[in-house]
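So the structure is just underneath, and the comments pick up after that.
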Amino acid sequence: MNQEQFIKKINIVLVKIDKMINNCDEYSYTNKQQLITIKNELYNMMNYLNSESIFQQKKGKEFLLSRIVIDSWPFNNEVGKLLVELEEDFNSLRKNIKMSKLKILNETPLDFQEKFLFDNWEVSYLDLMEVNQGSPLVGSLSINGRVIIKEQGFGGPLLYFNRKIYIPVFIRRFCVVGFRLATLNVDDLSIEYIGDIEDLIYLKEIKGNRIYFYTDIYKSTEKNLTLYEQI
């Protein structure tokens with residue numbers, strides 16, 4: 001489940017919770033205050049996932065909808081089952097949030113993570129090699145076992161957001177050598193370019209509708225592009 005599907009599911013459950021609040025006297029296993037607490041927790045989940053930066057998210061925040069349901073709700077209650085599912089879905093999404101909003105702290109174009117699990121897609125770099133001695137690594141990409149090759153290879157680190165992989169592509173043509181930012185749609189594996197060729201593309205983060213990157217290994221020059229500037 002991706003973030004968009006999760007938000008749709010949570011909105012369906014919010015409608016059901018509102019109906020229960022309006023008729024709370026009919027339920028022996030819950031009360032208005034508990035239902036309001038659950039509703040607030042659902043909104044907190046959405047706010048957590050929609051926060052601009054992983055550093056703005058509440059550290060140590062735990063969501064315990066399943067504990068409420070297990071402790072007092074009937075085992076076969078439809079809304080209770082949905083609440084437990086939402087908590088499981090949220091925890092799965094939260095594991096990926098650090099790679100989706102994404103402030104890369106330790107990776108560099110010379111040394112970066114090679115294997116990922118984004119929603120239902122297993123992504124990994126293959127046959128990584130240096131462009132030149134002591135220079136960035138590039139290679140092919142595997143998505144659920146299907147090998148993707150573009151130009152002279154994909155660099156890193158990459159970013160993932162909203163079913164798309166944002167990744168540098170190494171280009172070597174007549175009189176032109178450098179990296180260009182590309183988006184790879186994991187649904188159909190189509191690739192589109194964003195922006196111009198740079199000496200280096202060292203991805204930093206996605207924030208709002210813009211993607212930020214450095215053009216040198218020392219992070220002295222930073223640029224950004226709108227995610228809609230696809231060519």
Side-chain angles (χ1 to χ4, degrees), residues 1-6 48-55 57 59 87-172 178-195 198 200-207 211-217 219 225 227 230:
M1 172 173 289
N2 60 37
Q3 187 168 330
E4 181 181 355
Q5 292 169 328
F6 177 80
Y48 187 105
L49 294 177
N50 288 329
S51 60
E52 291 285 317
S53 163
I54 62 174
F55 298 111
Q57 297 163 0
K59 295 182 178 179
E87 185 175 300
E88 292 174 351
D89 294 337
F90 172 79
N91 287 331
S92 177
L93 284 169
R94 185 160 60 169
K95 290 178 182 178
N96 289 334
I97 202 73
K98 293 178 182 178
M99 285 302 303
S100 69
K101 298 240 172 156
L102 284 167
K103 289 183 175 285
I104 292 181
L105 301 178
N106 300 317
E107 296 178 283
T108 74
L110 285 71
D111 183 17
F112 49 84
Q113 184 175 340
E114 299 179 22
K115 295 184 178 181
F116 312 86
L117 179 61
F118 299 130
D119 298 324
N120 297 318
W121 293 278
E122 295 183 8
V123 179
S124 60
Y125 286 93
L126 302 174
D127 303 320
L128 285 171
M129 63 181 65
E130 296 176 339
V131 173
N132 294 301
Q133 186 172 0
S135 62
L137 298 172
V138 297
S140 55
L141 210 62
S142 170
I143 300 180
N144 283 354
R146 183 169 175 179
V147 178
I148 313 297
I149 300 173
K150 187 71 174 179
E151 297 285 348
Q152 302 299 309
F154 295 100
L158 60 76
L159 300 177
Y160 175 79
F161 179 64
N162 198 23
R163 305 168 77 89
K164 289 185 178 181
I165 293 171
Y166 295 84
I167 189 169
V169 174
F170 181 57
I171 294 173
R172 178 181 281 151
F179 287 86
R180 194 174 184 189
L181 182 57
T183 64
L184 197 164
N185 188 314
V186 293
D187 289 315
D188 60 13
L189 303 184
S190 61
I191 298 175
E192 298 181 56
Y193 285 117
I194 305 177
E198 306 282 355
L200 181 69
I201 291 180
Y202 181 174
L203 291 175
K204 177 187 178 186
E205 64 179 333
I206 294 171
K207 187 175 182 181
I211 186 165
Y212 295 79
F213 60 93
Y214 304 105
T215 58
D216 66 288
I217 196 68
K219 302 182 180 181
L225 295 166
L227 298 184
Q230 299 184 1

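Index from 1, following the sequence.
Between R172 and V131 there is a side-chain heavy-atom pair separated by less than 4.5 Å. Within the 4.5 Å cutoff, the side chain of L227 has no heavy atoms near those of the N162 side chain. Looking at P136 and F179, their side chains come closer than 4.5 Å, going by heavy atoms from C-beta outward.
Between F118 and Y160, the ring planes lie parallel to each other; the angle is under 30°, not in the 30° to 60° tilted range.
Taking all atoms of both residues into account, the shortest heavy-atom contact from G139 to L128 is N-CD2, 3.7 Å. Closest heavy-atom contact between R180 and I171: CB-CD1, 3.7 Å. The nearest pair of heavy atoms linking G156 to Y125 is CA-OH, 3.4 Å. Closest heavy-atom contact between S124 and K115: CB-CG, 3.8 Å. Pairing each heavy atom of Y214 with each of K204, the nearest pair is OH-CD, 3.4 Å. The nearest pair of heavy atoms linking F112 to G155 is CZ-C, 4.2 Å.
A distance of 8.0 Å separates CG of N185 from CD of E192, quoted to the nearest 0.5 Å. Between atom CD1 of residue I148 and atom CG of residue L141 there is a gap of 7.0 Å, rounded to the nearest 0.5 Å. Residue T108 holds its OG1 atom at 5.0 Å from CD1 of I217, rounded to the nearest 0.5 Å. Note: S135 OG to M129 CE = 11.5 Å, rounded to the nearest 0.5 Å. Distance check, rounded to the nearest 0.5 Å: CG of L225 to CD1 of I201 gives 8.0 Å. Annotation: the span from F6 atom CZ to D89 atom CG amounts to 6.5 Å, rounded to 0.5 Å.
With sequence neighbours left out, the side chain to side chain donor-acceptor pair (under 3.5 Å) criterion links N120 to no other residue. With sequence neighbours excluded, no residue satisfies ring-ring contact (aromatic ring centres under 6.0 Å, His included) with F154.
Screening V169, I165, V123 against L184 for a side chain to side chain contact (heavy atoms under 4.5 Å, CB included) leaves a single residue, I165.
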Review point. Is there a side chain to side chain contact (heavy atoms under 4.5 Å, CB included) between I211 and F161 once you walk through the steps?
Key: CA-CA 10 Å; I211 186 165; F161 179 64; over 6 Å; no
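Using a 4.0 Å cut-off between charged nitrogen and carboxylate oxygen, D119 and R163 do not count as a salt-bridge pair.
No close placement of the F213 and Y166 rings is indicated, their centers lying 6.0 Å or farther apart.
Annotation: E122, atom CD; neighbour count of heavy atoms from other residues, nucleotides and ligands within 6.0 Å does not exceed 12.
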